[in-house]
Novice: 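One structure coming up, written as structure tokens, with questions to follow.
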2 protein chains.
Amino acid sequence: MDRLDRRILDLLQHDGSLTAADIAERVGLSKAPCWRRIQRLQETGVIQRTVALIDPKAVNVGTTVFVTVKTSNHSAAWFEQFVRTVRDIPEVTEIHRVSGEVDYLLRIVVPNIDAYDVVYKRLIAGCAFLDVSASFSLETIKQTTAIPLNYAAFDD
Amino acid sequence: MDRLDRRILDLLQHDGSLTAADIAERVGLSKAPCWRRIQRLQETGVIQRTVALIDPKAVNVGTTVFVTVKTSNHSAAWFEQFVRTVRDIPEVTEIHRVSGEVDYLLRIVVPNIDAYDVVYKRLIAGCAFLDVSASFSLETIKQTTAIPLNYAAFDD
DNA sequence: GAGATTGCGCAACATTGTTGCGTCCGGCGG
DNA sequence: CCGCCGGACGCAACAATGTTGCGCAATCTC
């Protein structure tokens with residue numbers, strides 16, 4: 001993993017439809033070795049996958065909700081039940097166990113508040129919580145999947 | 001936008017490297033009209049773009065922090081200054097104005113806690129806050145960019 | 001300093017993207 | 001009831017891109 005790989009990653013995480021020839025030209029390589037680097041980055045899992053990003057509002061799923069959760073039952077059994085409950089709900093796009101006041105933070109994407117309530121009821125039906133608190137996104141000011149690659153520390 | 005478009009979108013948001021022929025076969029279409037549908041979805045902005053997803057840990061940027069922010073200055077000028085401050089920080093991957101106890105929620109991606117502190121200092125240098133509270137992700141249980149497309153209400 | 005290793009570039013071939021055209025189905029007006 | 005018209009599909013050809021093998025140069029190792 002050198003500077004070239006980093007530049008390739010940065011190009012691809014902003015535009016995954018770039019051709020190997022495009023990238024080769026921009027990083028100053030010919031297309032075959034560039035393609036092989038991309039291939040290696042995929043096979044080693046540095047590039048997990050490439051996906052299409054859909055405009056949520058264009059498909060009427062434009063409401064994002066952040067839900068914080070507290071549990072009173074800090075057991076492995078509760079955790080497993082919790083994961084089983086939330087992992088397969090497609091509206092739940094992120095689940096983090098976090099430090100601080102709350103125990104878990106969920107990111108939920110739904111068409112509207114009514115649809116959130118359906119998800120909420122499905123949550124509390126599958127699992128016991130000490131507290132569940134929803135915070136609706138009124139305006140998404142920025143949103144990107146790009147990871148900052150300015151940290152030069154990882155030149156192997 | 002019909003059922004076929006929805007299936008195409010769902011395939012592409014899980015694997016953007018699928019060829020038009022692959023998708024055509026899975027949705028029961030021949031490749032030309034399928035390609036034209038994909039093209040139309042891109043041109044109308046339903047598909048915003050396709051990107052490569054990078055394993056954060058593979059590039060040593062594996063720490064996610066959720067930062068909630070309160071302001072005492074609810075003015076348009078403050079908002080503009082806030083957006084200017086945070087929008088161009090690459091470590092800040094999401095900015096939401098939210099309902100509830102706090103005013104804004106930021107999602108920040110950094111290599112470690114020290115790097116978060118650098119971002120924090122950059123934040124408070126550019127903008128005045130009533131409160132800033134960080135919550136570190138200790139474990140990412142689920143993470144996806146896929147939007148739930150099970151809502152059949154949008155058959156135009 | 002010689003051999004081994006790694007990565008690059010060139011060139012050929014396979015696969016996929018892209019376009020034009022003819023056909024079929026469904027809706028609309030005569 | 002019939003014929004016209006618009007939209008979407010399928011087929012086939014062509015252009016662009018992905019993919020692979022091979023030879024060469026630079027670097028590292030011993």
Side-chain angles (χ1 to χ4, degrees), chain A residues 1-55 57-60 145-147 149-156, chain B residues 1-55 57-60 145-147 149-156:
Chain A
M1 168 93 62
D2 59 6
R3 192 163 303 178
L4 282 178
D5 285 326
R6 238 183 305 152
R7 289 188 58 193
I8 291 171
L9 288 175
D10 206 29
L11 288 170
L12 282 177
Q13 77 171 343
H14 285 98
D15 186 354
S17 68
L18 287 172
T19 68
D22 283 336
I23 296 172
E25 187 181 358
R26 299 197 197 189
V27 303
L29 225 57
S30 73
K31 82 177 201 184
C34 185
W35 179 86
R36 275 187 273 256
R37 279 173 180 265
I38 296 169
Q39 197 69 8
R40 186 170 51 80
L41 289 169
Q42 289 173 341
E43 285 168 0
T44 58
V46 179
I47 295 177
Q48 294 179 318
R49 57 186 180 180
T50 113
V51 299
L53 299 182
I54 297 176
D55 179 5
K57 292 183 180 173
V59 291
N60 287 335
T145 57
I147 290 174
L149 296 179
N150 305 323
Y151 298 96
F154 52 87
D155 287 18
D156 295 356
Chain B
M1 167 93 64
D2 59 6
R3 192 163 304 178
L4 282 178
D5 284 327
R6 239 182 304 152
R7 290 188 58 193
I8 292 172
L9 287 176
D10 205 29
L11 288 169
L12 281 178
Q13 76 172 342
H14 285 97
D15 186 354
S17 67
L18 287 172
T19 68
D22 283 336
I23 295 172
E25 188 181 359
R26 299 196 197 189
V27 303
L29 226 59
S30 73
K31 81 177 200 184
C34 184
W35 179 85
R36 275 187 272 254
R37 279 171 180 265
I38 297 170
Q39 197 69 9
R40 186 170 51 81
L41 289 170
Q42 289 173 341
E43 284 168 0
T44 58
V46 179
I47 295 177
Q48 294 180 319
R49 56 184 181 181
T50 114
V51 299
L53 299 181
I54 298 176
D55 179 4
K57 291 183 180 172
V59 291
N60 288 334
T145 58
I147 291 174
L149 296 179
N150 305 323
Y151 298 96
F154 52 86
D155 287 19
D156 295 358

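A note on names: the letters A, B, ... follow the listed sequences, proteins ahead of strands, and every chain is numbered from 1.
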Novice: Quick one: CG on A:Asp15 to CG on A:Asp10, what's the gap to the nearest 0.5 Å?
Specialist: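 Reported to 0.5 Å precision, the distance equals 11.5 Å.
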Novice: Under the side chain to side chain contact (heavy atoms under 4.5 Å, CB included) rule, what do A:Gln13 and B:Val51 come out as? Steps first, then yes or no, please.
Specialist: CA-CA 5 Å; A:Gln13 77 171 343; B:Val51 299; 5.6 Å; no
Novice: Just verifying a value: how many Å separate B:Ile47 CD1 and A:Ile54 CD1, rounded to the nearest 0.5 Å?
Specialist: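 Going from the CD1 atom of B:Ile47 to the CD1 atom of A:Ile54 covers 6.5 Å.
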Novice: Map B:Leu4 and A:Ala21 onto DNA chain D by nearest heavy atom, then report which one ends up closer to the 5' terminus.
Specialist: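 Whichever sits nearer the 5' end wins; that is B:Leu4.
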Novice: Among B:Leu29, B:Val27, B:Leu149, B:Ile23, whose side chain to side chain contact (heavy atoms under 4.5 Å, CB included) with B:Arg7 holds?
Specialist: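 Considering B:Leu29, B:Val27, B:Leu149, B:Ile23, a side chain to side chain contact (heavy atoms under 4.5 Å, CB included) with B:Arg7 is found only for B:Val27.
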Novice: Output the distance between atom CG (A:Asn60) and atom CG (A:Asp55), rounded to the nearest 0.5 Å.
Specialist: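 A:Asn60 CG to A:Asp55 CG: 10.0 Å, rounded to 0.5 Å.
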Novice: Counting only heavy atoms and a strict 4.0 angstrom limit, can you tell me which residues of residues 36-53 of chain B come near DNA chain D?
Specialist: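 Here the set is B:Arg36, B:Arg37.
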Novice: Looking at residues 25-33 of chain B, who's got a heavy atom less than 4.0 Å off DNA chain C?
Specialist: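 Residues of residues 25-33 of chain B under 4.0 Å from DNA chain C: B:Lys31, B:Ala32.
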Novice: Applying side chain to side chain contact (heavy atoms under 4.5 Å, CB included), run through B:Asp2 and B:Arg37 and close with a yes or a no.
Specialist: CA-CA 11 Å; B:Asp2 59 6; B:Arg37 279 171 180 265; 2.9 Å; yes
Novice: Tell me the interatomic distance from A:Leu18, atom CG, to C:dG17, atom C1', rounded to whole angstroms.
Specialist: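 To the nearest whole Å, that distance equals 16 Å.
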Novice: To the nearest 0.5 angstrom, please state how far the CD atom of A:Gln39 sits from the OG1 atom of A:Thr44.
Specialist: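 So the gap between those two atoms works out to 10.5 Å.
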Novice: Give a yes/no on whether any side-chain N or O of B:Trp35 is located under 4.0 angstrom from OP1 or OP2 of C:dG17.
Specialist: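 So the side chain of B:Trp35 is outside the cut-off, no N or O lying under 4.0 Å from OP1 or OP2 of C:dG17.
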Novice: Give a yes or no on this: more than 12 heavy atoms of other residues, nucleotides or ligands lie within 6.0 Å of atom CD of A:Glu25.
Specialist: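 Not more than 12 within 6.0 Å, no.
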